[in-house]
Amino acid sequence: MAKELSVLDTELDDLPPELRWREWMGRIEAVIFASASPVSRGDLARVVGQGASVDLLIEDIQTDLNDRPYELVAVADGWLMRTRTRFADAIRAAADVGDQHLNLDEFEVAVLASIAYHQPLTRDGLKDIFGKDISRDLIGRLRAQELIAMGPRSPRAGAPYTYVTTQKFLMAFGMESLRDLPDRGELEDAGLAT
């Protein structure tokens, strides 16, 4: 006997408007809570009715979570639940969270930033920026941490590989998209870039 899949009632017409809104908020919060990666607006829209605004529901959930130890944040073109940073020491002291630090040295961060600002970027492009060869090992470490990935082949002779940042890069640095990168002019003014 085949198991029938139930169809999710997204409209909830049998509920009064206030309860309907609360149910939609609960559904969105549950989906985001259960997901290990950011959940897109489109995915969230599938659990609420046609007349519901995902953005307004998200705002209401964020307001409800103001006094909680976790928050709902926009990251990598979606939303994700995160523990508030002020609780990081308590979590490390009591929970088995393993080593979640990126363990990047200053030069690796500089290479990663260069890729983020100039992507897609080849190793030769990195050499032009830094004035020296960037080792395959360094690129391999950034790829192993899933902070960068292979981009399109360069149209130059030999079609070298290019590198681009990943969704994990956005998540690690708390960005919704690359538009959240600091303005390069501001970095130069602060003496953090040339």
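Formation of a donor-acceptor pair under 3.5 Å by the Trp21 side chain with backbone atoms of Leu57 is not found in this model. A donor-acceptor distance shorter than 3.5 angstrom exists from the side chain of Asp180 to the backbone of Ser177, with no hydrogens or angles considered. Between the side chain of Arg27 and the backbone N or O of Val47 there is at least one donor-acceptor pair closer than 3.5 Å. Remark: side-chain polar atoms of Thr162 are paired, donor with acceptor, to backbone N or O of Pro152 under 3.5 angstrom. Asp133 contributes no side-chain N or O that, together with a main-chain N or O of Ser135, makes up a donor-acceptor pair within less than 3.5 Å.
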Throw together a table of side-chain donor-acceptor distances under 3.5 angstrom for residues 121-131, partners on residues two or more places apart or in other chains.
residue	atom	partner	partner atom	Å
Thr122	OG1	Asp124	N	3.4
Thr122	OG1	Gly125	N	2.9
Arg123	NE	Ile134	O	2.8
Arg123	NH2	Ile134	O	2.8
Asp124	OD2	Arg156	NH2	3.0

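A salt bridge between Arg22 and Asp64 is present, with a side-chain N of the basic residue lying under 4.0 Å from a carboxylate O of the acidic one.
Of the N and O atoms on the side chains of Gln119 and Thr165, at least one donor lies less than 3.5 Å from an acceptor on the other residue.
Within 6.0 Å of OH on Tyr161 lie no more than 12 heavy atoms contributed by other residues, nucleotides or ligands. With a 6.0 Å radius and a threshold of 12 heavy atoms from other residues, nucleotides or ligands, Phe33 has its CZ atom at or below the threshold.
For the pair Leu65/Glu29, a side-chain contact is recorded, criterion being any heavy-atom separation below 4.5 Å from C-beta on.
Tracing side-chain contacts under 4.5 Å through hydrophobic residues (I, L, V, M, F, W, Y), one never reaches Met171 starting from Leu142; they form parts of separate clusters.
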